[in-house]
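This report concerns only the one structure given below.
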Amino acid sequence: MNAPIPPLIGLRDSVEHARRRRTWNRGFNPTAMKQYEPIIHKRVEQLLEAIVQRGRFDLAEMFGNSALVSSFIAWPKPILTSR
């Protein structure tokens with residue numbers, strides 16, 4: 001049985017952390033981050049529209065449901081619905 005791979009954020013070994021981090025560096029450099037800006041703005045607008053349509057906002061409820069948060073970030077249309 002293989003031991004679980006520890007998450008990158010929890011690594012204390014700086015050499016191993018740097019080795020694994022190299023895979024992610026291209027996606028988090030300043031140029032890449034600047035390219036994410038319009039996408040993030042759009043997602044925030046969609047989130048705010050969904051909150052207004054719902055008529056209420058419960059941060060604990062929304063962020064307590066990690067599937068809801070990750071699918072909102074990953075999919076092109078907001079998934080919050082009126083209750």
Side-chain angles (χ1 to χ4, degrees):
M1 178 177 229
N2 294 334
I5 298 171
L8 179 62
I9 198 165
L11 284 177
R12 293 179 185 234
D13 179 341
S14 60
V15 174
E16 177 64 10
H17 179 87
R19 184 188 72 77
R20 288 182 45 197
R21 171 79 175 133
R22 273 192 296 270
T23 304
W24 296 93
N25 283 345
R26 190 172 57 165
F28 289 99
N29 68 38
T31 302
M33 296 304 288
K34 188 72 175 164
Q35 291 173 346
Y36 300 143
E37 200 170 310
I39 297 165
I40 293 168
H41 281 279
K42 181 179 178 182
R43 301 308 281 160
V44 167
E45 287 175 7
Q46 291 173 329
L47 176 60
L48 293 174
E49 285 175 22
I51 291 168
V52 168
Q53 288 175 1
R54 246 179 137 179
R56 68 181 187 83
F57 177 68
D58 184 335
L59 185 67
E61 176 187 310
M62 182 178 171
F63 286 99
N65 182 344
S66 60
L68 175 70
V69 174
S70 60
S71 56
F72 179 80
I73 293 167
W75 300 105
K77 295 197 181 240
I79 61 168
L80 293 177
T81 58
S82 298
R83 287 188 184 195

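For reference, positions follow the sequence shown, starting with 1.
Applying the salt bridge (charged side-chain N to carboxylate O under 4.0 Å, His left out) rule to pairs touching residues 20-34 yields Lys34-Glu37, sequence neighbours excluded.
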May I have the list of side-chain donor-acceptor pairs in residues 2-14 shorter than 3.5 Å, sequence neighbours left out?
{"unit_1": "Asp13", "atom_1": "OD1", "unit_2": "Val15", "atom_2": "N", "d": "3.0"}
{"unit_1": "Asp13", "atom_1": "OD1", "unit_2": "Glu16", "atom_2": "N", "d": "3.2"}

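In this structure, CZ in Phe57 is found 8.5 Å from CG in Leu48, a value given to the nearest 0.5 Å.
Considering every non-hydrogen atom in both Gly27 and Ala32, the closest pair reads O-CB, 3.5 Å.
Looking at residues two or more places apart in sequence or on another chain, you find a side-chain contact (heavy atoms from CB on, under 4.5 Å) between Ile40 and Tyr36, Val44. The side chain to side chain donor-acceptor pair (under 3.5 Å) test applied to Asn29 returns no partner, not counting sequence neighbours.
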